[in-house]
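The structure presented is a predicted model; accordingly, all values stated were derived computationally and were not measured.
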2 protein chains.
Amino acid sequence: MRRNTRQRDAVASALAQIPGFVSAQTLHGQLKAQGDTLGLATVYRTLASLVDDDRADILTSPDGENLYRACTTSRHHHHLICRTCGMTVEIEADAVEQWAQSLASEHGFTGAHHVVDVFGDCAACSAQPRA
Amino acid sequence: MRRNTRQRDAVASALAQIPGFVSAQTLHGQLKAQGDTLGLATVYRTLASLVDDDRADILTSPDGENLYRACTTSRHHHHLICRTCGMTVEIEADAVEQWAQSLASEHGFTGAHHVVDVFGDCAACSAQPRA
DNA sequence: TGTCTTATTGAGAATCATTGTCAATATGCC
DNA sequence: GGCATATTGACAATGATTCTCAATAAGACA
Ligand SMILES: [Zn+2]
Ligand SMILES: [Zn+2]
Ligand SMILES: [Zn+2]
Ligand SMILES: [Zn+2]
């Protein structure tokens with residue numbers, strides 16, 4: 001049974017207030033900065049459980065860090081991510097799901113998962129001069 | 001200037017003989033097993049330079065490891081990867097390319113790149129009992 | 001409300017891929 | 001051959017993530 005704890009709420013609500021993806025480390029830092037005291041390991045565990053419950057998204061940044069984001073929907077979806085400001089658009093694309101599914105089965109693969117993310121510069125960031 | 005060394009050749013040819021993606025660690029292990037002596041750091045550096053020269057592909061596995069593969073084509077493509085044995089199928093899917101492209105432009109994104117990889121267990125590995 | 005079971009926490013150690021250090025070595029150009 | 005320097009390798013260092021395990025607290029139940 002999953003118990004409700006102060007820490008779990010703190011992590012979930014902190015995550016919900018952040019517009020883009022954050023790392024566990026950063027989230028932990030922000031929580032501590034605002035007075036919440038909780039262990040880093042707890043943040044990792046809580047984020048993992050949120051992902052497990054489809055209440056958060058996870059993705060690996062180009063430099064190998066795991067980033068998390070509160071899900072607005074629990075349905076499977078993909079992302080369009082601004083590599084400059086981190087702004088994220090959630091994407092649902094049945095065509096891609098079906099493509100991935102049939103691709104895997106055509107080649108005899110089972111238990112297929114897929115990673116489909118699009119990175120670019122959003123309209124706002126495209127208009128800015130280089131950072 | 002880039003110099004040709006025994007180690008670079010060893011890494012490049014070892015990589016070329018492997019059908020799928022391998023980690024730097026694994027490749028280093030195989031090289032040592034076949035008698036080549038070279039440092040792990042050298043394998044990392046050489047693989048990075050191969051990627052830099054577009055002579056190798058790199059991707060990050062679901063568990064955060066960097067995997068490398070000798071490029072057979074310089075054309076843009078995706079992969080269907082066995083998470084057990086690393087066997088890889090190269091995929092070209094214009095539909096996905098167009099989808100990603102139009103998705104990005106619909107949302108005002110510029111300079112879009114995408115990550116599209118499918119992981120699963122290949123037919124051979126699916127037939128095996130659990131490792 | 002009090003008790004009990006056990007999920008959860010937290011501080012720090014441990015893991016593990018990857019990168020940095022730097023003296024020793026080897027390559028390409030003359 | 002000789003030189004400048006790119007490269008190597010053994011090892012330390014980094015850094016994110018996970019593990020350990022005793023202490024704590026959530027929730028069920030009486
Ligand atoms: Zn942006
Ligand atoms: Zn999908
Ligand atoms: Zn396989
Ligand atoms: Zn593509």
Side-chain angles (χ1 to χ4, degrees), chain A residues 1-15 18 20-53 55-69 86 115, chain B residues 1-15 18 20-53 55-69 81 83-84 86 115 117 119 131:
Chain A
M1 157 221 328
R2 179 149 287 167
R3 296 176 180 173
N4 294 321
T5 66
R6 166 179 65 80
Q7 292 88 343
R8 180 178 301 275
D9 288 343
V11 169
S13 71
L15 189 64
I18 293 173
F21 280 82
V22 265
S23 70
Q25 305 269 355
T26 302
L27 195 61
H28 179 237
Q30 293 191 9
L31 283 164
K32 277 179 63 176
Q34 72 185 217
D36 280 297
T37 62
L38 73 179
L40 177 57
T42 300
V43 174
Y44 273 101
R45 281 185 294 232
T46 303
L47 287 172
S49 78
L50 289 174
V51 170
D52 212 48
D53 294 348
R55 295 180 51 200
D57 260 341
I58 182 175
L59 72 79
T60 300
S61 77
D63 51 317
E65 222 180 0
N66 282 126
L67 304 180
Y68 300 85
R69 178 170 189 265
V115 176
Chain B
M1 159 221 325
R2 179 147 291 166
R3 294 178 180 171
N4 295 322
T5 66
R6 166 179 65 81
Q7 292 88 342
R8 178 177 305 273
D9 288 343
V11 170
S13 71
L15 190 64
I18 292 174
F21 280 82
V22 266
S23 68
Q25 305 271 353
T26 302
L27 193 62
H28 179 237
Q30 293 191 9
L31 282 164
K32 276 178 64 176
Q34 71 185 219
D36 279 298
T37 62
L38 73 178
L40 177 58
T42 299
V43 174
Y44 274 101
R45 282 183 294 233
T46 303
L47 287 173
S49 78
L50 288 174
V51 170
D52 212 50
D53 294 347
R55 295 179 51 200
D57 260 342
I58 182 174
L59 70 81
T60 301
S61 77
D63 50 315
E65 222 180 1
N66 283 126
L67 305 179
Y68 301 83
R69 178 170 189 267
I81 305 150
R83 67 166 70 87
T84 302
V115 176
D117 290 304
F119 294 87

Extract from the structure each pairing of a protein N or O with an N or O of nucleotides 12-15 of chain C at less than 3.5 Å, listing the distance.
none

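As a whole-Å value, the separation of Leu40(B) CG from dT19(C) C1' is 10 Å. Computed from coordinates, the Asn4(B) CG to dA6(D) C1' distance equals 12 Å when rounded to whole Å. A straight line from CD of Glu65(A) to C1' of dA16(D) spans 7 Å, rounded to a whole angstrom. We find that CG of Asp9(B) is positioned 13 Å from C1' of dT7(D), with the value rounded to whole Å. At whole-Å resolution of the value, CZ in Arg8(A) and P in dA26(D) are 12 Å apart. Remark: C1' of dA17(C) and CD1 of Ile58(B) are 12 Å apart, rounded to the nearest angstrom. Arg6(B) has its CZ atom 18 Å from the C1' atom of dG28(C), to the nearest Å.
Val11(B) has its side chain out of reach of Tyr68(B): every pair of non-hydrogen atoms, C-beta onward, lies at least 4.5 Å apart. Side-chain contact check for Leu47(B) versus Leu15(B): some heavy-atom pair is nearer than 4.5 Å. In this structure, the side chains of Ile18(B) and Arg69(B) stay at 4.5 Å or more apart for every pair of heavy atoms. Using a 4.5 Å heavy-atom threshold, the side chains of Asn66(B) and Tyr44(B) count as separate.
An OP1 or OP2 oxygen of dT8(D) is reached within less than 4.0 angstrom by a side-chain nitrogen or oxygen of Thr5(B). An OP1 or OP2 oxygen of dT19(C) is reached within less than 4.0 angstrom by no side-chain nitrogen or oxygen of Tyr44(B). A close approach under 4.0 Å does not occur between any side-chain nitrogen or oxygen of Gln7(A) and OP1 or OP2 of dA25(D). Phosphate proximity of dT18(C) to Asn66(B): present, with a side-chain N or O under 4.0 Å from OP1 or OP2. At the phosphate of dT6(C), neither OP1 nor OP2 sits under 4.0 Å from any side-chain N or O atom of Arg2(A).
Where Thr46(A) and Gly64(B) meet DNA chain C, the nucleotide closest to each residue was compared, and Thr46(A) sits on the side nearer the 5' end.
Counting distance only, with no hydrogens placed and no angle test, the side-chain atoms of Arg45(B) and the base atoms of dG9(D) include a donor-acceptor pair under 3.5 Å. No hydrogens or angles were tested; on distance alone, a donor-acceptor pair under 3.5 Å links the side chain of Arg3(A) to the base of dT6(C).
Remark: of the listed residues Leu40(A), Thr42(A), Leu38(A), Leu38(A) is the sole one forming a side-chain contact (heavy atoms from CB on, under 4.5 Å) with Leu31(A).
Within residues 24-38 of chain B, the residues that have a heavy atom under 4.0 Å from DNA chain D are, in order of number, Thr37(B), Leu38(B).
Comparing the start and finish of the helix from dT1(C)-dA30(D) to dC30(C)-dG1(D), five pairs each, the helix axis swings through 40°, to the nearest 10 degrees.
Under a 3.5 Å cut-off, the side chain of Thr46(A) and the backbone N or O of Val43(A) do not form any donor-acceptor pair.
Distance CG/Leu67(B) to CD1/Ile58(B): 8.5 Å, rounded to 0.5 Å. Rounding to the nearest 0.5 Å places CG of Asp36(B) at 10.0 Å from NE2 of His28(B).
Around CZ of Arg8(B), the count of heavy atoms belonging to other residues, nucleotides or ligands within 6.0 Å exceeds 12.
A pairwise comparison of heavy atoms in Leu59(B) and Phe21(B) identifies CD2-CZ, 3.3 Å as the closest pair. Leu27(A) and Ala14(A) make their closest contact through CD1-CB, 3.9 Å (heavy atoms, listed as atom of the first residue, atom of the second, distance).
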